[in-house]
Amino acid sequence: MDDVRWFAMDALQRWVVPGLRERGLRIALEGNAPARAVICMNSDQVREAWRHARRSRARLALYCWDLPPWRLAGGRPNPVVELFGYVVALPRLWGGFPERPNFYSRLIWALRHADQVWAPSLATVADCRSVAGVEAVHLHYCYDSARFTELDLPRDPRTVVAVSRLVPSKAHDSLLQAVARLTPMPRVRIIGRGELAPDLRREAERLGVPCSVETDLDDAGVVDAYRRATVVVCPSTFEGLGLTGVEALACGAQVVASDIPPHREFLGDHVRYAPPGDPVALAAVLEAALAGPALPPADLRALSLGSAVDRFHVRIRALLDGAA
């Protein structure tokens, strides 16, 4: 029997698995074989993970990355029942969540019934408490410390880089509006995939901002962009963890970040902060970062891959032993 059946939907959510296997844990990434514990690293797989745990009579840990407030917006979860191991959300006539009501209703139900809930940031721990009434374990994750490293490369002059999904909460529109206020305007590279790519191109053209929106850059290209940027900007209005700033610091870049709790938690005093959604303030902070001087480098050892493996190993052993 495996120790763990690990549910994940992308490489990021599997980063720690090789290191955990090296520490002796038997971890399956696919299949229906029974396991002593089930760990679900992706909320989209909660139903499958729940059913697998029930079939195996295994303990279940859910990793809750975030609970976006605009998706919940003061609503209430739909009623949820378990039928033969399946988690089923029932329709609510009024007062539900405005976005993906069944999905978030099932998620909150599962958070309340799981053996353990883990969260990457203190902000998400607080959200789990306020939204689901669950006391999550603060188990922060990591960046890919094998890939994101500093090299002695020349920085592209007066170049601003932003890397993230192209969705409203990442606030790329605020970045473009801020850059439009600078003289001379820096070159902007927005890197990522998402629904807003065409809108951002049109907004940059309207504002006269020299900007490329790059939706097909591979991982090596992203690392190179960090290493060559004058400044990396993280303007998000909401994050559960927020890896961009950490990755940029690891590559030696100067960083400007929105002043939200996860950024404060993980980036500390090594970046310059601007209020979220305020292009005027962001423009002033961005100009200061472009002009220098550089802030001192950050010590990111606690966020390295090896440190995360150590943390997860402790929690998984406790899960297998039946500890809280």
Do you know which two heavy atoms are closest between [X] and [Y], and how far apart they sit?
X	Y	result
L200	D173	CD2-N, 4.1 Å
F238	G240	CE2-N, 4.3 Å
L305	S145	N-OG, 3.0 Å
L122	E265	N-OE1, 2.9 Å
A178	P279	CB-O, 3.4 Å
L320	A37	CD2-CB, 3.7 Å

Under a 3.5 Å cutoff, is there a donor and acceptor pairing between the side chains of [X] and [Y]?
X	Y	value
Q13	W6	no
S236	E239	yes
T149	R227	yes
S121	H140	no

Can you check whether [X] reaches [Y] side chain to side chain, under 4.5 Å on heavy atoms?
X	Y	answer
I27	D2	no
R189	C211	no
P91	N78	no
V137	R315	yes
V167	R165	yes
V161	V231	no
L282	V256	yes
E287	R181	no

Quick check: is [Y] connected to [X] through a chain of hydrophobic side chains (ILVMFWY, heavy atoms under 4.5 Å apart)?
X	Y	answer
V285	V255	no
I316	L29	yes
F103	M41	no
V209	V163	no
F7	L12	no

Check: Please walk me through it: do V4 and R26 pass side chain to side chain contact (heavy atoms under 4.5 Å, CB included)?
Finding: CA-CA 6 Å; V4 175; R26 297 183 300 277; over 6 Å; no
Inter-residue atom distance [X].[atom1] - [Y].[atom2], 0.5 Å rounding:
X	Y	atom1	atom2	answer
Q45	L62	CD	CG	11.5 Å
E214	I191	CD	CD1	5.0 Å
R36	L319	CZ	CG	9.5 Å
C251	R228	SG	CZ	12.0 Å
L139	T124	CG	OG1	12.0 Å
R201	L166	CZ	CG	8.5 Å

[X] atom [atom1], neighbour heavy-atom count above 12 within 6.0 Å:
X	atom1	answer
E30	CD	no
D218	CG	yes
R92	CZ	yes

Note to self: Once ring-ring contact (aromatic ring centres under 6.0 Å, His included) is applied, what residue pairs with a partner in residues 143-173 remain, sequence neighbours excluded?
What the structure shows: F148-Y226
Check: So which pairs with a foot in residues 281-320 pass ring-ring contact (aromatic ring centres under 6.0 Å, His included), sequence neighbours left out?
Finding: Y63-F312, W118-F312, Y141-F312
Note to self: Taking the basic N atoms (NZ, or NE/NH1/NH2) and the acidic carboxylate oxygens, is any pair closer than 4.0 Å for R193 and D216?
What the structure shows: no
Next item on the list: Evaluate side chain to side chain contact (heavy atoms under 4.5 Å, CB included) for I190 paired with L176, printing each intermediate quantity in order.
Entry: CA-CA 10 Å; I190 296 176; L176 293 174; 4.2 Å; yes
For the pair [X] (side chain) and [Y] (backbone), establish whether a donor and an acceptor sit closer than 3.5 Å, ignoring hydrogens and angles.
X	Y	value
D156	R158	no
S258	P276	no
R187	P157	no
T159	A229	no
S56	H52	yes
T230	V160	no

Can you see whether [Y] has [X] sitting over its ring - NZ or CZ less than 6.0 Å from the centre and within 45° of the normal?
X	Y	result
R51	Y86	yes
R100	F97	no
R71	Y104	no

Next item on the list: Test E203 against R206 for salt bridge (Lys or Arg N to Asp or Glu O under 4.0 Å), laying out the working first.
Entry: CA-CA 5 Å; E203 180 68 0; R206 184 185 72 82; 2.9 Å; yes
Notebook entry, point to check: Between W50 and E82, is a side chain to side chain donor-acceptor pair (under 3.5 Å) present by the stated rule, with each step listed?
Noted result: CA-CA 10 Å; W50 179 270; E82 181 188 2; 3.2 Å; yes
Next item on the list: List the steps, then state whether side chain to side chain contact (heavy atoms under 4.5 Å, CB included) holds for Q254 with R272.
Entry: CA-CA 8 Å; Q254 293 295 296; R272 294 174 171 88; 3.4 Å; yes
Item checked: Stepwise side chain to side chain contact (heavy atoms under 4.5 Å, CB included) check, D127 with D66 -> CA-CA 8 Å; D127 287 343; D66 56 37; over 6 Å; no
